[in-house]
Amino acid sequence: MWIPYDIRASLKAESDPASIRMSRADESQRDFLVGFFLRNPVTQAWELDIVASAAGQELATLATPPGMRISFHGNDAGKLSEVIYRLPAISAQDALHRAHDDFQRRVLRYMAEIGRGMAIAGWRIADTGHSARWRCTPFRPSAMNLDFDRLAPIASDLAPYVELFQRARNAPDAASRLLAAYALIHAALGGAPALAGAGQSDFAVTQEMLIHAGAMEFSDRLLGRSLADLAEVLRPEQQRLAAPEGVLAALSDSLAAQQRLAQLANLADLVAHRLIQAELRQRAQPTTARPLLAAQADGTPAHASGVQPC
């Protein structure tokens, strides 16, 4: 089952509905807490290989923007696992965007200093005045059963395209996910022989796809549209991410731009999977029926195609 890996465009309320409504209705500036969970991209553990105390360490006032307080917190193993911002804002989204803009550039500086991989795994937000809380953390699915005896290795001609999908699924960032998934969609539209049965001519973006990818924001532009139409929407992002010389473009997106990219990357990733599945289903059809159907379609007698009549 395909699941979205990047849900940074959504916030899940963790408080009672009344508290959430009061917070959203209040447009005054007030105190918020924003906690960023951290992830090691190598081990996938929610911690960084940086020493930090569980009691927390607050940055000196001179090292923080005016009005903000920033503290670094370690887990039981003494490794940095969460960074908490305390800041004034007019909404949860306002607090998140301001804190994220500051913290993302701090993460880049830390990476430049020590050369270790670092990623933001998710975040939590609290409106302390209204006791309203939200969270954005990756969905952890349950284990699935797989029939190992039934599933043969992927065909050699299809393997390069499934590897594109593998890169999209395994990518830790939305940009890499979109580039890999777009490459597969582009190949299907370009008539790649290995994807001849992927159903690209009958493809249409459904509401279920948009909901599953967290991309309902694009419903007006994409609902019911063809694979070629989807590629047209994805192409500007693909071109923005890749410089004309064929190398990756050097970009530093705002959180809002990252959230939009994540939605499109999720959708492209999902569609790439649907195309691969359609191709596999087509290949799994009984081969004995195909010559007969083809012969009857062009008026050739069935026995002339090498298939004996019943």
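Not measured: the values here are computed from a predicted model.
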Which pair of heavy atoms, one from [X] and one from [Y], lies closest together, and at what distance?
X	Y	result
Ala132	Ile20	CB-CD1, 3.9 Å
Arg240	Ala249	O-CB, 3.4 Å
Leu270	Met209	CD2-CG, 3.8 Å

Using a strict threshold of under 4.0 Å (side-chain N to carboxylate O), is an ion pair present between [Y] and [X]?
X	Y	answer
Glu47	Arg39	no
Arg124	Glu82	yes
Asp269	Arg169	yes
Asp102	Arg98	no

For the pair [X] (side chain) and [Y] (backbone), establish whether a donor and an acceptor sit closer than 3.5 Å, ignoring hydrogens and angles.
X	Y	value
Gln258	Asp253	yes
Gln263	Ala215	no
Ser15	Ser131	yes
Glu237	Leu234	no
Thr128	Asp31	yes
Tyr85	Phe103	yes

Rounded distance [0.5 Å steps], CD in Glu163 versus CG in Leu158: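 If we round to the nearest 0.5 Å, Glu163:CD and Leu158:CG are 10.5 Å apart.
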
How long is the span from the CZ atom in Arg177 to the CZ atom in Phe165, to the nearest 0.5 Å?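 The CZ atom of Phe165 is 10.5 Å from CZ of Arg177, to the nearest 0.5 Å.
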
Can you spot which of Leu195, Leu189, Leu227 makes a side chain to side chain contact (heavy atoms under 4.5 Å, CB included) with Leu275? Leu227

Below 30° counts as parallel, above 60° as perpendicular, anything between as tilted: where do the rings of His100 and Trp123 land?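 Perpendicular, since the angle between the ring planes exceeds 60°.
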
